[in-house]
Amino acid sequence: MSTAAELAKIVIAEREIAERVKELAAQISADYQRAVLINRPHEPIVAIGLLRGAIFFMTDLIRQLDFPVEYDFIWVSSYKYASAPGKLELLKDVDIPIEGRDVLVVEDIVDTGHTLKYIKQLLLEKRPASLKICCLIDKPARREVKVDIDYVGFTVEENVFLVGYGLDYAGRFRNLPYVAALKPEVIKS
Ligand code: IMP
Ligand code: MG
């Protein structure tokens, strides 16, 4: 089947993503200038992206932040569709020491909330000076644990499986420049 035949519809167009990323970057820049950089003006913020889905969002976002940024990645694998829902395995931790640093987590999508809750605990144990979370898409329909997200790009209320702009289904579709809903029959097959 061709890619187009597997997609139900485009949910967020390429231009909408670009515009929203710009707005988020402006908002984050203003907030950090006011509340974070004032305390530690010479230290870059540590942006931490979640592999692999967040890479396009991460690179687009941090290039528009109006302050110095270092970046690193965390990689967790999830077993949520297997027998142990919510169980996560840490495949790559941060390499930059973040104690006393200002950390901004960049995630692609928040669904049940388990991943973000786990990441938040993992990072808080390292005692950062501050920890904020920015996600491109909040999909609250299947939320199981409460997580506070500081910056949300888009909220998608429908319970659809999204692909593109980093989001995958079985490793595919990540390089689509837009976010689309996958046809349900593709998931079952
Ligand atoms: P959570 O732990 O259920 O919040 O899941 C978060 C992770 O599941 C995300 O980082 C994605 O990798 C993946 N995920 C959740 N919903 C979708 C979706 O609609 N499309 C693609 N990946 C998703
Ligand atoms: Mg992910």
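Ligands are counted one by one from 1 in listed order, and the atoms in each one are counted from 1 as well. Along the sequence shown, the residues carry numbers beginning at 1. Just so it is clear, the model here is predicted, and its values are computed rather than measured.
Under a 3.5 Å cut-off, the side chain of Asp72 and the backbone N or O of Val94 do not form any donor-acceptor pair.
Not a single heavy atom of Val147 sits less than 4.0 Å from an atom of ligand 1. Using 4.0 Å as the threshold, Glu107 has a heavy atom nearer than that to some atom of ligand 1. Remark: distances from the non-hydrogen atoms of Leu50 to ligand 1 are all 4.0 Å or more. Contact annotation: Gly53 has no heavy atom less than 4.0 Å from any atom of ligand 1.
The closest side-chain donor-acceptor pair between Asp60 and Tyr165 falls under 3.5 angstrom. Counted by atom type alone, Tyr32 and Asp66 present zero donor-acceptor pairs between their side chains at under 3.5 Å.
Taking every heavy atom of Asp168 and a limit of under 4.0 angstrom, the matching atoms of ligand 1 come to 21 (C). Atoms of ligand 1 found under 4.0 Å from any heavy atom of Thr112 (numbered from 1 in listed order, with element): 1 (P), 2 (O), 3 (O), 4 (O). Taking a cut-off of under 4.0 Å to the non-hydrogen atoms of Thr115, the atoms of ligand 1 that pass are 1 (P), 2 (O), 5 (O), 6 (C).
Neither the backbone nor the side chain of Val163 has any atom closer than 4.0 Å to an atom of ligand 1 (non-hydrogen atoms only). With a 4.0 Å cut-off on non-hydrogen atoms, Lys139 touches ligand 1 through its side chain and not its backbone.
Here the side chains of Tyr71 and Ile48 are not in contact, with every heavy-atom distance at 4.5 Å or above.
By the 3.5 Å distance cut-off applied to N or O atoms, Leu116 is not counted among the residues near ligand 1.
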